[in-house]
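Note that ligands are numbered from 1 as they come in the structure, with each ligand's atoms numbered from 1 the same way.
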Amino acid sequence: MARMSDCTDPRFREVMTSLVRHLHAFLREVDLRPQEWLAAIEFLTATGQACNERRQEFILLSDTLGASMAVVALDQARALRCDAPSAASATEATVQGPFYWEGAPDLALGCDLRAAGVAGEPAYYAGEVTDTAGRPLAGALLDIWSGDGEGVYDMQVEGQGMTLRGRLRTDADGRYRFWSIRPTEYPVPTDGPVGVMLKRMGRHPMRPGHIHLKVSADGHVPLTTHLFGRGGRYLDSDAVFGVRDSLIVDYERHEPGTAPDGRRLEQPYYTVRYDFRLAPRSGDPTDPR
Ligand code: BEZ
Ligand code: FE
């Protein structure tokens, strides 16, 4: 730690000093053996080697160790300290996960994210995006992604293009609406080193059904979050610790017929209503959010 005396970046020095201190304390606490340290290095090597354009095993490692969610929680606590009271009523954030794919198509409001033949029961999502004072945010961007009705993401299928992804903007009243599927529970990828780790830990790899959204608007703190279906399995044991009660929504089931947007459905469908609230950006120029 003393050898960092020439470090010119105080934040980097603070982080690295603490990292070294905690790492050494951990090694002493578990009395780590050389072959265990080698196994750890091999595990991290394999984790890096499992990463490619479509797979991010390190994010998965961070998620399954609860580190991603801890960082999200720290960010929210910081917002409460800096921007309170408005941050308290902002929609809660959760993990991004490894399946975000930048560059989803820009779609019209009310569009259907389902490509022909995609597995899953139809669900109509609608609501508004407001600031924390309840003022509608026109032109707010929703970047939406999910797996299909069997829990499979497009990125997990070799050669498949983007499916169940899209970006749309709220109307002049801050309202949004789109069709997608009712998500189902699914396992995080288990065919790599993180899957081996979970198994050795005696943990299941399941996530409760959810749809992902990034919601953003000029002058507001961008939000990365999910909506989870009420009553779904694994809400109390999400493999990545991402569930927040405020993000659990009702999927209201309807018999075939005319949907709220006038569309006729020949099969049962669901409706979901959820309003997103974004915190105004603090005036602090050093606030990286
Ligand atoms: C997901 O929801 O897409 C996800 C999040 C964390 C780890 C694996 C998957
Ligand atoms: Fe997901």
Side-chain angles (χ1 to χ4, degrees), residues 43-44 46-48 50-73 75 91-104 113-114 118-121 123 125 142-157 160 162-167 178 180-199 201 203-215 223-230 232-249 251 272 274 276:
F43 169 77
L44 291 174
T47 300
C51 294
N52 58 41
E53 247 197 328
R54 284 181 167 225
R55 178 155 185 162
Q56 232 306 350
E57 194 78 359
F58 266 112
I59 294 184
L60 187 59
L61 178 61
S62 161
D63 293 344
T64 50
L65 291 179
S68 303
M69 210 48 211
V71 172
V72 168
D75 200 46
T91 302
E92 286 192 280
T94 187
V95 289
Q96 173 167 309
F99 296 132
Y100 179 64
W101 193 346
E102 198 136 351
L113 270 53
R114 298 171 305 150
V118 76
E121 300 165 294
Y125 297 80
L142 288 91
D143 195 343
I144 306 149
W145 73 104
S146 78
D148 66 15
E150 288 163 4
V152 179
Y153 282 78
D154 49 9
M155 288 170 102
Q156 294 176 290
V157 181
Q160 183 163 319
M162 286 191 180
T163 311
L164 290 167
R165 296 175 190 270
R167 293 163 24 117
F178 65 92
S180 182
I181 51 103
R182 178 186 188 222
T184 182
E185 64 267 13
Y186 65 85
V188 301
T190 54
D191 56 345
V194 172
V196 175
M197 177 193 79
L198 289 174
K199 206 175 174 92
M201 285 174 143
R203 291 169 56 188
H204 75 68
M206 301 301 291
R207 297 214 63 206
H210 60 271
I211 183 165
H212 299 254
L213 301 106
K214 281 178 186 267
V215 187
L223 170 72
T224 299
T225 196
H226 300 3
L227 299 179
F228 297 92
R230 195 178 312 285
R233 296 181 69 194
Y234 306 109
L235 282 170
D236 57 357
S237 64
D238 180 4
V240 307
F241 311 95
V243 180
R244 291 287 174 265
D245 286 349
S246 66
L247 303 176
I248 299 176
V249 298
Y251 280 77
V272 173
Y274 195 81
F276 296 94

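- Taken from OG1 in Thr225 to NE2 in His210, the straight-line distance is 10.5 Å, to the nearest 0.5 Å.
- For the atom pair OG1 (Thr47) and CD1 (Ile59), the distance works out to 13.0 Å, reported to the nearest 0.5 Å.
- Protein heavy atom closest to atom 6 (C) of ligand 1, with residue, atom name and distance, is Asp63 OD2, 2.9 Å.
- With ring centers used as reference points, His212 lies 6.0 Å or more from Phe99.
- Protein heavy atom nearest atom 4 (C) of ligand 1, with residue, atom name and distance: Pro98 CD, 3.5 Å.
- The distance from the OG1 atom of Thr184 to the CZ atom of Arg233 is 9.0 Å, given to the nearest 0.5 Å.
- Which parts of ligand 1 touch His210 is read off a 4.0 Å heavy-atom cut-off, strictly below it: atoms 1 (C), 2 (O).
- Heavy-atom distances between Gln96 and ligand 1 stay at or above 4.0 Å for every pair.
- The closest side-chain heavy-atom distance from Gln96 to Trp145 is below 4.5 Å.
- Annotation: side chain of Val72 is not in contact with side chain of Phe241 (no heavy-atom distance under 4.5 Å).
- In summary, Asp63 and Arg207 do not engage in a salt bridge, as defined by a charged side-chain N under 4.0 Å from a carboxylate O.
- Applying the 4.0 Å criterion to heavy atoms of Leu60 picks out, from ligand 1, the atoms 7 (C), 8 (C).
- Relative ring orientation between Tyr251 and Tyr125 is described as perpendicular, the plane-to-plane angle rising above 60° on a 0-90° scale split at 30° and 60°.
- Between the Fe ion (ligand 2) and Tyr153 there is an N/O/S contact shorter than 2.8 Å.
- The contact set between ligand 1 and His212, taken as ligand atoms under 4.0 Å from a residue heavy atom, comprises 1 (C), 2 (O), 3 (O).
- Taking the N/O/S atoms of His212 in turn, the shortest distance to the Fe ion (ligand 2) belongs to NE2.
- Considering only non-hydrogen protein atoms, atom 1 (C) of ligand 1 sits nearest to Tyr186 OH, 2.9 Å.
- The N, O or S atom of His210 lying closest to the Fe ion (ligand 2) is NE2.
- The contact set between ligand 1 and Gly97, taken as ligand atoms under 4.0 Å from a residue heavy atom, comprises 5 (C), 6 (C).
- Atom numbering of ligand 1 starts at 1 in the shown order; those under 4.0 Å from a heavy atom of Arg207 are 1 (C), 2 (O), 4 (C), 5 (C).
- Listed by number with element, the atoms of ligand 1 under 4.0 Å from a non-hydrogen atom of Phe99 are 3 (O), 9 (C).
- Between Thr163 and Asp148, the closest side-chain pair of non-hydrogen atoms is not below 4.5 Å.
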